[in-house]
There are 2 protein chains.
Amino acid sequence: MTEPRWLDAAQQRDWRAFVDGSVRLTEIMDRDLKSRHGLSVSEYEILVRLSEAPQRQLRMAELAENASQSRSRLSHTCSRLESKGLVKRDSCPNDKRGVYAQLTDQGFTALERAARDHVETVRTYFIDVIEPQDLEAVGRAFAMVLKRLGPTT
Amino acid sequence: MTEPRWLDAAQQRDWRAFVDGSVRLTEIMDRDLKSRHGLSVSEYEILVRLSEAPQRQLRMAELAENASQSRSRLSHTCSRLESKGLVKRDSCPNDKRGVYAQLTDQGFTALERAARDHVETVRTYFIDVIEPQDLEAVGRAFAMVLKRLGPTT
DNA sequence: CCAACCTAGTTGATGCTTCAACTATTCCTT
DNA sequence: AAGGAATAGTTGAAGCATCAACTAGGTTGG
């Protein structure tokens, strides 16, 4: 067994700041969206990706990849969104195994409303408290992390 | 209703990189710790904080604050850790409402083993792929976020 | 053309998180 | 010193995530 390369004090400080900060941040986003709009962050993410897709629809697998969720989780979440009337599922003509998730008009409206509040929260607790150059660095850093992680399994 | 101040393209890119990256990162940490050591990230965090405390023990409230968890969640998680023999709870002499969470020797050993693997994962997917100055910026950024969020409610 | 294999998506069981309600103790105010 | 308010921690129910198992449709090589 090789000796682990421990983090130095600064690396540890930075890593922990990220871990704690991101936990707390997601928590507040979640509570905010849920209390004001009855949506969890992962439901919100799904609506966002769909709203940006052509025809506001995407294949399940593509959507899962896009929203960094497992297919299983997406299936469950989609069922909930469907029962709220925000999304509906259609079978795919070309590939009979395939399913399209489609944002409904009601879903689009709900997203519009939620996004207004959400962006405020993102600003208040993230964008507006971080120095612009640090924000760019955060972007670069996590882009590298994503590259290293590769596509969702 | 005031018009929301939307994020510009760069801000949106950076924010999303963070959201996606942190989701994926936590996921892999969790799977890694769970498969190799049977610990979730939040269990691991608790063990870490306890190991650093004087006498390897902390009051529940302090531990919750420290590990960015709600008291309720900590209670549940602690029960699981206790049933695994990694932690034990003692009542506090001064304050009869209070409870100390105490890391057992077995818990310390388990943590030592887990930490070796964990630090490797953190390096592989985070520390080693980020430019050192970007890492510092990430640290600064999330320190500001934490400051803005204030203490755990 | 068919057998083995691969991909798309769902399902149900299990386990973790959240929320609100609860007990027990201590603090504070008068 | 009494009564109300605040604090410490736990509990159970409900909701959400994860995993493995499953159906069903497509793909490929002999």
Side-chain angles (χ1 to χ4, degrees), chain A residues 22-24 26-36 38-46 57-84 87-102 151-153, chain B residues 22-24 26-36 38-46 57-84 87-102 151-153:
Chain A
S22 65
V23 166
R24 300 279 315 277
T26 342
E27 220 171 63
I28 208 167
M29 300 287 155
D30 222 35
R31 246 200 288 270
D32 197 71
L33 273 174
K34 216 170 282 173
S35 66
R36 300 206 217 178
L39 290 172
S40 69
V41 165
S42 60
E43 290 174 329
Y44 179 82
E45 289 295 326
I46 288 173
Q57 65 175 15
L58 279 175
R59 286 287 294 270
M60 293 297 277
E62 219 171 339
L63 181 52
E65 170 68 34
N66 233 305
S68 299
Q69 298 193 6
S70 72
R71 292 179 183 198
S72 167
R73 179 173 168 186
L74 179 61
S75 260
H76 287 296
T77 310
C78 250
S79 303
R80 269 175 261 130
L81 286 171
E82 212 170 5
S83 73
K84 292 184 195 176
V87 162
K88 79 183 176 43
R89 277 182 279 202
D90 300 308
S91 58
C92 174
N94 318 338
D95 186 342
K96 284 180 191 165
R97 297 167 304 179
V99 170
Y100 277 108
Q102 161 88 46
T152 320
T153 34
Chain B
S22 66
V23 166
R24 299 279 315 277
T26 344
E27 220 170 63
I28 207 167
M29 300 287 156
D30 222 37
R31 245 198 289 269
D32 198 71
L33 275 174
K34 216 170 284 174
S35 66
R36 299 207 219 178
L39 290 172
S40 68
V41 166
S42 60
E43 290 174 328
Y44 179 82
E45 289 293 328
I46 288 172
Q57 64 175 15
L58 279 175
R59 287 287 296 270
M60 293 297 276
E62 219 172 339
L63 181 51
E65 170 68 33
N66 233 306
S68 300
Q69 297 192 8
S70 73
R71 292 180 182 196
S72 168
R73 180 173 167 184
L74 178 62
S75 260
H76 287 296
T77 309
C78 249
S79 302
R80 269 175 264 131
L81 286 171
E82 213 171 5
S83 73
K84 292 184 195 175
V87 161
K88 79 182 175 44
R89 276 182 279 202
D90 299 308
S91 58
C92 173
N94 319 338
D95 185 342
K96 285 180 191 165
R97 296 168 304 180
V99 171
Y100 277 108
Q102 162 87 48
T152 321
T153 34

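Naming: A, B, ... by sequence-line order, numbering from 1 per chain. Since the model is a prediction, treat every value here as computed from it, not as a measurement.
- A side chain to side chain contact (heavy atoms under 4.5 Å, CB included) with Asp95(B) is found for one member of Ser91(B), Pro93(B), Cys92(B) and no other, namely Cys92(B).
- With sequence neighbours left out, Asn66(B) forms a side-chain hydrogen bond (donor to acceptor under 3.5 Å, both in side chains) with no residue at all.
- Among residues two or more places apart in sequence or in another chain, the side-chain contact (heavy atoms from CB on, under 4.5 Å) test is passed with Thr26(B) by none.
- The separation between Lys88(B) atom NZ and dG9(D) atom P is 16 Å, rounded to whole Å.
- The NZ atom of Lys84(A) sits 11 Å away from the C1' atom of dC16(D) (whole-angstrom rounding).
- The ring-ring contact (aromatic ring centres under 6.0 Å, His included) search around Tyr44(A) returns His118(A), not counting sequence neighbours.
- The side-chain contact (heavy atoms from CB on, under 4.5 Å) search around Ser79(A) returns Arg89(A), not counting sequence neighbours.
- Rounded to 10 degrees, the angle between the two end axes of the helix from dC1(C)-dG30(D) to dT30(C)-dA1(D) is 30°, with five pairs used at each end.
- For the side-chain contact (heavy atoms from CB on, under 4.5 Å) test, residues two or more places apart in sequence or in another chain that qualify with Arg80(B) are Glu43(B), His76(B), Thr77(B).
- Across Cys78(B) and Val87(B), no two heavy atoms sit closer than the pair SG-CG1, 4.3 Å.
- In this structure, Arg71(A) places its CZ atom 9 Å from P of dT7(C), rounding to the nearest Å.
- With sequence neighbours excluded, the residues that form a side-chain contact (heavy atoms from CB on, under 4.5 Å) with Gln102(B) are Arg56(B), Gln57(B), Lys88(B), Asp90(B).
- Phosphate proximity of dG9(C) to Arg59(A): present, with a side-chain N or O under 4.0 Å from OP1 or OP2.
- Between Gln102(B) atom CD and dG9(D) atom C1' the separation is 18 Å, expressed in whole Å.
- The CE atom of Met29(A) sits 18 Å away from the C1' atom of dT18(C) (whole-angstrom rounding).
- Rounded to whole Å, the distance from CG on Leu33(B) to P on dC16(C) is 14 Å.
- In this entry the distance linking CD of Gln69(B) with C1' of dT10(D) reads 15 Å, nearest Å.
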Nucleotide-resolved protein contact map, nucleotides 17-27 of chain D, B/S/- at heavy-atom distance under 4.0 Å: SBBB---BBS-

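- For the side-chain hydrogen bond (donor to acceptor under 3.5 Å, both in side chains) test, no residue two or more places apart in sequence or in another chain qualifies with Arg71(B).
- In this structure, CG of Leu58(A) is placed 14 Å from P of dA8(C), rounded to the nearest angstrom.
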